[in-house]
Number of protein chains: 2
Amino acid sequence: MLHEGQIDRVGYILISGWACSYKLLPDGKRQIVNFQIPGDFMGLRSSMLRTSGYSLESISDIVVVEVCNQVLFGGRSESPKLTAALLWAAARDTAMMVEHIVNLGRRDARTRMAHFLLELEARLALVGLAGKAGYRCPLTQYHLGDALGLSSVHVNRVLRDLREAGLVSFQAGKVEFLDHRGLTELADFDPAYLDQTPRIAA
Amino acid sequence: MLHEGQIDRVGYILISGWACSYKLLPDGKRQIVNFQIPGDFMGLRSSMLRTSGYSLESISDIVVVEVCNQVLFGGRSESPKLTAALLWAAARDTAMMVEHIVNLGRRDARTRMAHFLLELEARLALVGLAGKAGYRCPLTQYHLGDALGLSSVHVNRVLRDLREAGLVSFQAGKVEFLDHRGLTELADFDPAYLDQTPRIAA
DNA sequence: CGTACTGTTGAGATCCGTCAAGCACCGTGG
DNA sequence: CCACGGTGCTTGACGGATCTCAACAGTACG
């Protein structure tokens with residue numbers, strides 16, 4: 001889809017499908033920084049940041065709406081709602097990155113995975129893509145590994161552990177929560193950081 | 001200094017001294033998200049984020065200037081320069097968090113440490129606090145461990161490795177580069193992400 | 001029918017954490 | 001002056017979490 005070095009200063013809004021932003025390292029490893037799900041902005045960072053090796057990639061088939069940034073940063077008064085939404089998204093993105101840092105730095109593989117699956121559920125629920133039972137998820141175990149700083153082999157083992165412990169099941173593209181409370185406790189998951197409502201006073 | 005739960009919606013600019021922002025986990029571990037050095041904004045995230053367990057702490061004696069956010073978000077036209085500087089700082093903060101995620105997720109302890117010390121050098125150089133030889137650094141090995149997701153014991157070993165390999169020395173509160181090129185190569189360090197100059201078109 | 005991709009499992013190696021002990025420094029108070 | 005406690009640094013031994021290498025199964029697709 002998109003690749004690094006694009007300077008067109010344009011963002012997108014993801015309508016359907018999943019994508020991810022990641023950075024490639026010289027030894028071939030990659031670190032996924034974030035996943036984009038329907039309703040998310042895409043390209044914010046890539047248009048504002050000059051980081052080498054930083055790229056966007058679609059995971060499933062996707063539909064996007066293009067957002068010309070002249071509208072965003074240009075007249076200022078032209079589309080205050082969109083600008084506000086963008087600030088909201090940026091704040092939430094920051095909050096998610098903080099959690100990501102905590103996740104990678106101080107939690108072990110099981111806890112990390114649990115936290116990740118719960119965060120995804122909370123995000124998907126906001127756009128109606130997660131139900132009581134769980135949610136559909138097109139990510140491969142390689143995606144999970146690259147996001148969580150694990151090898152895909154270990155991702156596999158961790159998923160089996162969590163399933164056999166009766167906490168979550170991730171099979172055939174579906175995430176199902178078997179013990180939501182237990183998982184939340186294990187992961188020390190508090191969804192408050194995803195709800196950055198009106199903290200920036202207008 | 002400051003502690004979580006403050007809702008006064010105020011930011012600070014750090015004039016002298018060092019501080020850090022971190023999150024505490026229920027098991028007592030902590031993850032340092034970022035260090036603040038002179039010239040940095042502080043409290044941006046803590047006033048915009050409602051994340052539990054998120055705190056600020058001073059590392060050395062510090063001097064700050066208080067910034068009332070009515071000035072920032074209020075009149076809008078009152079202080080465009082400050083607002084622009086804040087946006088710049090936010091963009092750089094984001095870029096640093098991306099690097100932090102990559103660091104924690106996909107680099108081993110030596111490389112992580114190398115990258116961290118080089119990033120700090122680049123940041124300090126911008127405010128005149130790093131010279132050719134190196135820089136003064138008040139961080140303890142515990143700080144380094146909590147920032148890099150390592151135990152302080154392992155931090156100690158890694159620092160000895162790097163010193164004996166003739167790359168960097170961190171002793172007695174001073175960081176000295178013995179082989180700057182070699183270290184940069186080892187760490188895959190590219191300072192471009194710290195220089196977020198005029199990417200946001202006005 | 002072959003190829004590519006994803007998932008699965010095992011065995012061995014490695015990195016890093018934990019526990020433990022000891023040292024150096026420094027300020028305090030007797 | 002010295003004893004003392006606190007903090008930070010250093011090192012060794014051991015164990016565990018995770019990685020790497022390797023092989024194989026299932027599925028989709030040409």
Side-chain angles (χ1 to χ4, degrees), chain A residues 18 20 25 27-32 57-61 103-117 136-165 168-176 186-187, chain B residues 18 20 25 27-32 57-61 103-117 136-165 168-176 186-187:
Chain A
W18 293 43
C20 67
L25 282 93
D27 60 0
K29 287 172 182 158
R30 79 167 176 178
Q31 175 66 43
I32 293 180
E57 191 181 85
S58 64
I59 289 170
S60 55
D61 291 340
N103 227 8
L104 293 171
R106 284 302 183 205
R107 294 203 251 253
D108 67 8
R110 279 174 52 123
T111 316
R112 231 181 275 177
M113 179 68 72
H115 193 281
F116 174 79
L117 294 176
R136 309 210 68 248
C137 177
L139 303 180
T140 69
Q141 295 183 351
Y142 290 86
H143 287 125
L144 295 174
D146 285 343
L148 299 177
L150 302 168
S151 68
S152 64
V153 175
H154 202 60
V155 165
N156 186 294
R157 283 191 251 265
V158 168
L159 286 177
R160 179 156 54 86
D161 278 2
L162 290 173
R163 189 180 344 115
E164 290 175 352
V168 235
S169 150
F170 185 175
Q171 277 177 321
K174 271 183 287 192
V175 175
E176 299 177 58
L186 168 68
Chain B
W18 293 43
C20 66
L25 283 98
D27 60 0
K29 287 173 182 158
R30 79 167 174 177
Q31 175 65 45
I32 293 180
E57 191 182 83
S58 63
I59 289 169
S60 56
D61 291 341
N103 226 9
L104 293 170
R106 284 303 184 204
R107 295 202 251 254
D108 65 9
R110 280 174 51 123
T111 316
R112 231 181 274 179
M113 179 68 72
H115 193 279
F116 174 78
L117 294 176
R136 310 210 65 249
C137 177
L139 302 180
T140 69
Q141 295 183 351
Y142 290 88
H143 286 124
L144 296 175
D146 285 344
L148 299 177
L150 302 168
S151 67
S152 63
V153 175
H154 202 61
V155 165
N156 186 294
R157 283 191 253 265
V158 167
L159 286 177
R160 178 157 54 85
D161 277 2
L162 291 173
R163 187 178 347 111
E164 290 175 352
V168 235
S169 148
F170 185 174
Q171 278 178 321
K174 272 183 287 194
V175 175
E176 299 179 58
L186 168 68

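Side-chain atoms are counted along with the backbone in the values below, which use heavy atoms only and exclude waters and symmetry mates.
- Atom CG of A/L148 is separated from atom C1' of D/dT18 by 14 Å (rounded to the nearest Å).
- Between the NE2 atom of A/H143 and the P atom of C/dT6 there is a distance of 8 Å, given to the nearest Å.
- What separates NE2 of A/H154 from C1' of C/dC15 is a distance of 13 Å, to the nearest Å.
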Strictly under 4.0 angstrom, non-hydrogen atoms only: write out the protein contact profile of nucleotides 7-14 of chain C, one letter per nucleotide from the 5' end, B, S or -.
SBBBB---
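- For the pair B/S152 (side chain) and B/Q141 (backbone), a donor-acceptor distance under 3.5 Å is absent.
- In this structure, B/L104 atom CG and D/dT18 atom P are separated by 15 Å, rounded to whole Å.
- Put simply, CG on B/D161 is 17 Å from P on D/dC9, counting in whole angstrom units.
- One atom, CG of B/D27, and another, C1' of C/dT18, lie 14 Å apart when rounded to the nearest Å.
- Residue A/G145 is out of contact with every strand shown, counting any heavy-atom pair closer than 4.0 Å.
- Whole-Å rounding puts the B/R107 CZ to C/dC15 C1' distance at 17 Å.
- Distance B/L150 CG to C/dC15 C1': 10 Å, rounded to the nearest Å.
- Panel note: side chain A/T140, backbone A/H143; a donor-acceptor pair is recorded below 3.5 Å.
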